[in-house]
Amino acid sequence: MLKLVGVRKTFGFGTLDENHVLRGIDLTIDAGDFVSVIGGNGAGKSTLLNIISGVFQPDVGQVLLGDRDITRMPEYKRAAFFGRVFQDPAQGTAADMEISENLAMASMRGKRRGLRQNLKKSQFPIFRERLAMLELGLEDRLHQRVRHLSGGQRQALTLLMATLVEPQVLLLDEHTAALDPKTAIKVMEVTQRLVSTLKLTTLMITHNMQQAIRYGNRLVMLHAGEIILDVRDKEKENLTVEDLLRQFSRVTGDEGVSDRLLLG
Amino acid sequence: MSGLLNSILAATAQGLLWAVMALGLYITYRLLNFSDLTVDGSFATGGAITAVVITSGGSPLAAMGLALIGGILAGFVTGFLNTRMRIPALLSSILTQIALYTINLRIMAKPNIPLLNQRTLFSLLQDMGLGRIGTGLVNGLVAATLTAVAMYWFFGSEIGAAIRATGNNPAMVRELGANTQTTTLIGLMLANGLVALSGSLVSQQQGFADVGMGLGAIVIGLASIIIGEVLLPSTTFWMRLVGVVAGSVIYRIVITLVLEIPGIKSYDLRLFTAIIVALALWLPQVTAAWRQRRGRKGQDEEHA
């Protein structure tokens with residue numbers, strides 16, 4: 001379904017700050033996969049996601065979606081294929097606009113926008129039904145401005161907006177990292193509910209090992225721009241945090257790094 | 001007394017005609033979050049085109065249509081500099097503003113064109129028996145209302161919503177598949193189209209077009225927007241548009257009243273306006289700091 005072939009990315013080419021962020025990534029995500037990508041700071045997780053969504057283009061390599069080569073396609077055109085949720089809850093919604101207006105905009109994801117009114121009464125039942133899935137009571141607050149929502153509520157709303165038009169792949173970029181632990185768990189529950197109800201193919205970036213182990217049918221570990229572990233299904237279910245740390249130390253030859261990875 | 005009442009009515013008419021400009025500025029300043037200084041030039045462009053069309057025998061409506069198009073083109077240039085050539089917003093608009101000074105003089109071929117005894121939107125109504133002030137009020141009311149209604153409709157549309165969201169959160173707009181370069185460009189074009197239309201109306205009302213007539217327009221527009229926001233704190237989008245129009249009218253009335261003070265000269269107005277806007281822009285910071293301090297004090301007392 002989504003395929004990365006030999007993807008390399010270097011920032012600051014030819015300068016003192018030259019930074020090889022991705023050093024040849026080959027990754028194939030099958031339809032229905034829920035992949036957790038884990039790695040410490042600077043492992044290249046976010047860059048990987050940004051290359052898939054078109055924020056950056058790879059120096060070398062290809063991004064394929066189905067039979068289509070989307071390597072050079074601009075970000076806004078890829079919106080038709082991907083729904084994205086960012087780490088910062090403020091980044092996924094328009095604060096000065098109403099919940100209904102935000103959802104209405106999301107219902108036009110990847111479609112041609114015209115002079116029809118953005119708010120369409122006929123969509124309101126769908127909005128209410130989806131908002132009710134969040135179990136946050138937002139279905140009764142359609143006309144409230146997003147500014148007045150908490151970080152967790154905004155993140156949950158962003159999840160709805162990312163999935164309202166069913167994306168081919170849902171991309172989650174550490175979308176619970178900026179939330180307090182309790183809210184983070186709630187947002188993860190909502191994520192799981194949406195992913196399984198809508199049967200979405202999902203790629204989730206996280207630096208939380210427990211989260212990566214708990215959610216998804218597949219786990220990919222990134223280190224210094226390379227994939228150092230890729231386990232799925234049965235093998236993944238039996239995985240523990242200790243296994244991950246051991247694997248990490250074995251590959252990097254660095255024993256003291258465990259804490260940094262765990263906490264980072 | 002009736003003299004003062006008359007000047008207040010005249011100020012209201014002027015405020016309504018300038019409100020079209022303030023509504024245009026609202027698109028860039030508030031909706032797009034783009035500091036667009038093009039307006040000082042595009043306002044005069046509207047006047048320049050109008051004067052040339054009318055003095056060469058064109059109809060007032062044709063003059064206004066062409067002024068609108070002239071403003072749209074000016075907005076396009078600023079948008080092009082910003083989105084395609086990646087020049088920062090403020091600088092792009094200053095470049096266009098400076099360039100427009102030459103363009104406006106080229107259009108007019110001289111710095112000032114009188115429109116006395118010409119067929120304008122205002123002379124037409126005056127011929128129908130409406131007084132000078134009455135004409136201004138009718139034209140102003142129609143122009144401001146039509147502009148606000150059109151804006152309300154457009155910014156409720158799919159494209160309009162994407163433009164509003166661009167000022168709020170461009171990353172989200174791209175994520176939803178709209179090109180923020182295009183939304184910025186459309187917003188700038190509409191805004192400056194309205195600014196030039198306002199310039200056209202004002203030049204017809206005052207009876208001349210002058211290459212310097214747009215000087216300080218941005219500050220007057222900002223003053224109108226901020227006065228509106230203070231008086232009608234943001235409720236619905238419609239009320240915010242009404243607030244801009246009301247702000248523009250109140251600004252003109254205040255100016256008229258200030259001019260009544262003995263010793264105040266008309267050239268003192270720009271300084272006065274600049275001070276008002278500076279204070280108004282400062283106000284939110286002051287109230288925030290005040291709320292912060294009150295909150296801190298409250299906490300101290302709780303812990304004591």
Side-chain angles (χ1 to χ4, degrees), chain A residues 49-50 53-55 73-98 100-120 123 143 145-148 154 157-158 161-165 167 170-171 173, chain B residues 26-34 83-84 86 149-187 189-190 225 228-229 232-241 243-244 284 288:
Chain A
L49 205 90
N50 282 329
S53 58
V55 177
M73 185 184 277
E75 181 190 358
Y76 73 92
K77 283 194 183 163
R78 298 190 200 192
F81 319 130
F82 304 120
R84 256 187 298 164
V85 184
F86 310 97
Q87 180 174 346
D88 177 3
Q91 213 185 330
T93 45
D96 288 329
M97 297 170 80
E98 294 172 4
S100 58
E101 289 179 297
N102 274 278
L103 284 169
M105 279 192 284
S107 75
M108 294 299 295
R109 169 185 297 283
K111 293 178 192 153
R112 208 183 168 79
R113 288 171 172 81
L115 289 174
R116 277 161 308 183
Q117 285 295 294
N118 179 45
L119 281 181
K120 300 169 190 75
Q123 289 185 327
H143 293 293
R145 282 208 244 168
V146 170
R147 181 175 295 291
H148 303 302
R154 281 182 81 158
L157 178 62
T158 308
M161 291 172 61
T163 53
L164 195 58
V165 172
L170 174 64
L171 303 173
D173 189 1
Chain B
Y26 185 79
I27 297 175
T28 43
Y29 183 65
R30 276 293 181 238
L31 300 184
L32 274 181
N33 199 12
F34 188 115
T83 63
R84 305 288 153 169
R86 306 269 173 205
V149 169
M151 274 175 69
Y152 183 74
W153 170 79
F154 178 74
F155 286 104
S157 73
E158 291 162 359
I159 295 178
I163 295 175
R164 276 160 66 203
T166 302
N168 243 236
N169 190 344
M172 178 200 88
V173 175
R174 281 192 293 275
E175 198 274 321
L176 290 177
N179 185 345
T180 48
Q181 294 191 354
T182 311
T183 51
T184 304
L185 201 58
I186 296 174
M189 287 163 73
L190 287 179
I225 291 170
E229 283 171 350
L232 295 170
S234 66
T235 44
T236 61
F237 184 54
W238 174 249
M239 284 313 287
R240 276 180 268 166
L241 295 179
V244 175

**Item:** N/O donor-acceptor pair under 3.5 Å between B:Asn169 side chain and A:Ala90 backbone
**Value:**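 Present.
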Most contacts with chain B, counted as non-hydrogen pairs under 4.5 angstrom, among [options]:
options                               : answer
A:Met108, A:Arg112, A:Arg116, A:Met97 : A:Arg116
A:Glu98, A:Arg109, A:Met105           : A:Arg109
A:Gly92, A:Gly110, A:Gly54            : A:Gly92

Measuring from [X]:[atom1] to [Y]:[atom2], what's the distance to the nearest 0.5 Å?
X        : Y        : atom1 : atom2 : answer
A:Glu101 : B:Phe155 : CD    : CZ    : 12.5 Å
A:Asp96  : B:Arg240 : CG    : CZ    : 6.5 Å
A:His143 : B:Thr236 : NE2   : OG1   : 12.5 Å
A:Tyr76  : B:Thr183 : OH    : OG1   : 11.0 Å

Need one label for [X]: side chain, backbone, both or neither, based on atoms under 4.5 Å from any heavy atom in chain B.
X        : result
A:Ala104 : neither
A:Gln91  : both
A:Arg78  : neither
A:Ala80  : neither
A:Lys111 : neither
A:Leu115 : both

**Message:** Show, in sequence, the C-alpha distance, side-chain angles and deciding distance for A:Phe82 and B:Glu175, and conclude whether the side chain to side chain contact (heavy atoms under 4.5 Å, CB included) test is met.
**Reply:** CA-CA 8 Å; A:Phe82 304 120; B:Glu175 198 274 321; 6.0 Å; no
**Top contributor to chain A contacts, counting heavy-atom pairs under 4.5 Å, from B:Thr166, B:Val173, B:Asn168** =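 Ranked by contacts with chain A, first place is B:Asn168.
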**Asked** So does B:Phe154 have more than 12 non-hydrogen atoms from other groups sitting under 6.0 Å from CZ?
**Response**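 Counting other residues, nucleotides and ligands, CZ of B:Phe154 exceeds 12 neighbours.
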**Request:** Can you establish whether the number of heavy atoms outside A:Lys77 located under 6.0 Å from its atom NZ is more than 12?
**Result:**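 Check fails, neighbour count at 12 or below.
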**Prompt:** What pair of heavy atoms forms the shortest contact from B:Leu176 to A:Arg113, and how long is it?
**Reply:**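 Here B:Leu176 and A:Arg113 meet closest at O-NH2, 3.2 Å.
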**Item:** Shortest non-hydrogen contact between A:Ala94 and B:Met172, atoms and distance
**Value:**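 In this case the closest contact between A:Ala94 and B:Met172 is N-SD, 3.4 Å.
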**Message:** Just to be sure I understand the criterion: a residue of residues 156-165 of chain B counts if one of its heavy atoms is under 4.5 Å from a heavy atom of chain A. Which ones qualify?
**Reply:**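 Under the 4.5 Å heavy-atom cut-off, B:Gly156, B:Ser157, B:Glu158, B:Ile159, B:Ala161, B:Ala162, B:Arg164, B:Ala165 qualify.
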**Part of B:Phe237 lying under 4.5 Å from any heavy atom of chain A** =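 Neither part.
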